[in-house]
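Report on one structure; see the data block that follows.
None of the values given here were measured: they were computed from a predicted structure. As a basis for the values below, the full set of heavy atoms in this structure was taken, side chains included, without hydrogen atoms, waters or symmetry mates.
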Amino acid sequence: MSEARPWQRVETPRGPGRLRVYEPDPAQRDGRLALLLSHGAGTGPETVDLLALAEALPKAGFRVALFEQPWRTAGRKVATPPPSLDEGLLAAAQAFGHSGALVVGGRSAGARSAARCASALGAVGCLALSFPLHPPGRSERSRVEELTGSGVPTLVAQGERDPMGRPEEFPAGTDLYVVPGGDHSLKVPKRGVLSQDQAMADLCERVERWLSTLARKSRE
């Protein structure tokens with residue numbers, strides 16, 4: 001049975017953040033690989049996708065850590081500049097202290113930060129949830145270089161209706177999982193092809209398969 005540890009304080013250059021680790025059953029645990037996730041610029045770690053992954057992946061033997069950036073811990077509603085998110089994520093990885101292979105990820109602004117930090121963290125993979133390829137309606141302001149510059153295998157999970165980057169806007173060759181009917185929050189219409197629960201279950205299954213592949217490669 002998986003276990004969610006209490007939130008722990010993480011000291012960062014921008015003030016304290018918080019980290020919560022979800023541990024798998026020791027009998028299932030693949031100690032060589034863990035996933036560290038951070039949230040977006042307008043929400044915290046309580047989003048439907050982050051919580052679904054934190055609950056599902058430990059059942060498959062993976063450690064998962066959710067990181068709350070200092071601006072959110074302090075109760076502010078607006079995220080601090082991108083460099084500060086990277087500082088927070090680097091501090092969270094150190095506090096997590098995972099001794100095996102690390103996959104870093106996040107949603108929206110957290111996905112951008114994960115892509116920017118993946119190589120510096122020595123990560124073996126990057127999980128980009130709702131990667132904001134561009135501001136809404138501003139496709140000319142592409143952030144694709146952040147994504148392609150991660151330097152590690154990267155899985156993008158994108159909503160079919162995401163105004164900050166529809167699936168067809170991503171470069172050819174992107175490892176892309178599309179959430180049918182999903183918006184930028186990966187929420188699906190009530191009368192969509194899938195229910196919200198099924199959409200998240202399918203997302204977790206896809207991420208689990210991807211992590212299992214990375215885990216096998218890390219053992220070779």
Side-chain angles (χ1 to χ4, degrees), residues 1-10 17-40 43-69 72-73 88-108 110-111 113-114 117-118 121-130 152-157 175 177 179 182 185-187 194-220:
M1 184 176 181
S2 59
E3 175 189 1
R5 292 185 180 179
W7 286 97
Q8 69 180 79
R9 182 183 175 104
V10 175
R18 296 196 305 167
L19 188 74
R20 189 171 199 184
V21 179
Y22 294 73
E23 296 282 7
D25 186 298
Q28 295 179 307
R29 179 172 170 177
D30 185 335
R32 294 192 176 95
L33 191 142
L35 175 63
L36 170 63
L37 295 168
S38 63
H39 55 85
T43 59
E46 70 283 352
T47 54
V48 62
D49 50 351
L50 296 180
L51 288 178
L53 291 167
E55 292 172 2
L57 295 176
K59 297 175 183 176
F62 298 109
R63 298 181 77 203
V64 178
L66 299 184
F67 174 58
E68 182 180 74
Q69 288 280 355
R72 182 77 179 190
T73 302
L89 189 60
L90 294 171
Q94 184 175 9
F96 188 18
H98 182 69
S99 60
L102 179 69
V103 174
V104 64
R107 73 152 7 262
S108 195
S113 181
C117 294
L121 287 171
V124 299
C126 176
L127 175 61
L129 304 165
S130 298
V152 299
T154 300
L155 174 64
V156 178
D175 191 356
Y177 175 73
V179 177
S185 298
L186 298 185
K187 292 183 178 179
L194 300 175
S195 68
Q196 190 65 56
D197 287 346
Q198 187 59 59
M200 291 300 98
D202 289 355
L203 169 67
C204 291
E205 181 181 353
R206 178 64 179 88
V207 173
E208 179 188 331
R209 293 201 307 269
W210 180 70
L211 291 177
S212 295
T213 298
L214 293 179
R216 285 196 298 271
K217 290 182 178 179
S218 72
R219 291 193 290 266
E220 293 176 354

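Of all the heavy atoms in Leu102 and Ala93, the pair that sits closest is CD2-CB, 4.4 Å. Minimum heavy-atom separation, Ala157 to Leu203: CB-CD1, 3.7 Å. Gly44 approaches Arg72 most closely through the heavy-atom pair N-CZ, 3.4 Å. Between Gly106 and Leu37 the shortest heavy-atom distance is N-CD2, 3.7 Å. When all heavy atoms of Gly125 and Leu214 are compared, the pair lying nearest together is CA-CD1, 4.1 Å. Closest of all the heavy-atom pairs between Arg18 and Phe67 is O-CD1, 3.1 Å.
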Before you tell me yes or no, could you show the steps for Tyr22 and Leu51 under side-chain contact (heavy atoms from CB on, under 4.5 Å), namely the whole-Å CA-CA distance, both residues' side-chain angles and the distance that decides it to 0.1 Å?
CA-CA 10 Å; Tyr22 294 73; Leu51 288 178; 4.3 Å; yes
Applying side-chain contact (heavy atoms from CB on, under 4.5 Å) to Ser130 and Leu186, what does each step give before you reach the verdict? CA-CA 7 Å; Ser130 298; Leu186 298 185; 3.4 Å; yes
Self-check item: Leu36/Leu19 under side-chain contact (heavy atoms from CB on, under 4.5 Å): CA gap, chis, key distance, verdict
Solution: CA-CA 9 Å; Leu36 170 63; Leu19 188 74; 3.9 Å; yes
Q) Could you go step by step and tell me if His98 and Arg63 meet the side-chain hydrogen bond (donor to acceptor under 3.5 Å, both in side chains) rule? A) CA-CA 9 Å; His98 182 69; Arg63 298 181 77 203; 3.1 Å; yes
request  = Please lay out, stage by stage, how Leu129 and Leu53 fare under the test side-chain contact (heavy atoms from CB on, under 4.5 Å).
outcome  = CA-CA 11 Å; Leu129 304 165; Leu53 291 167; 3.8 Å; yes
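Between the CG atom of Leu194 and the CE atom of Met200 there is a distance of 9.5 Å, given to the nearest 0.5 Å. Atom CG of Leu127 and atom CG of Leu211 lie 7.0 Å apart (nearest 0.5 Å).
Few gaps surround CD on Gln198; more than 12 heavy atoms of other groups in view lie less than 6.0 Å from it.
Between the side chains of Asp197 and Ser195, no donor-acceptor pair is found at a separation under 3.5 Å. Using modelled atom types and a 3.5 Å distance limit, the side chains of Arg209 and Ser212 yield no donor-acceptor pair.
A donor-acceptor distance shorter than 3.5 angstrom exists from the side chain of His39 to the backbone of Gln69, with no hydrogens or angles considered. With hydrogens and angles ignored, the 3.5 Å screen pairs no side-chain donor or acceptor of Ser113 with any backbone N or O of Gly110. Distance alone, capped at 3.5 Å, places no donor-acceptor pair between the Arg107 side chain and the Ser38 backbone. Looking only at distances, a side-chain donor or acceptor of Thr154 sits under 3.5 Å from a matching main-chain atom of Val152.
The shortest side-chain heavy-atom distance between Val103 and Phe62 does not fall under the 4.5 Å cut-off. Between Asp202 and Tyr177 the shortest side-chain heavy-atom distance falls below 4.5 Å. Within the 4.5 Å cutoff, the side chain of Val48 has no heavy atoms near those of the Ser185 side chain.
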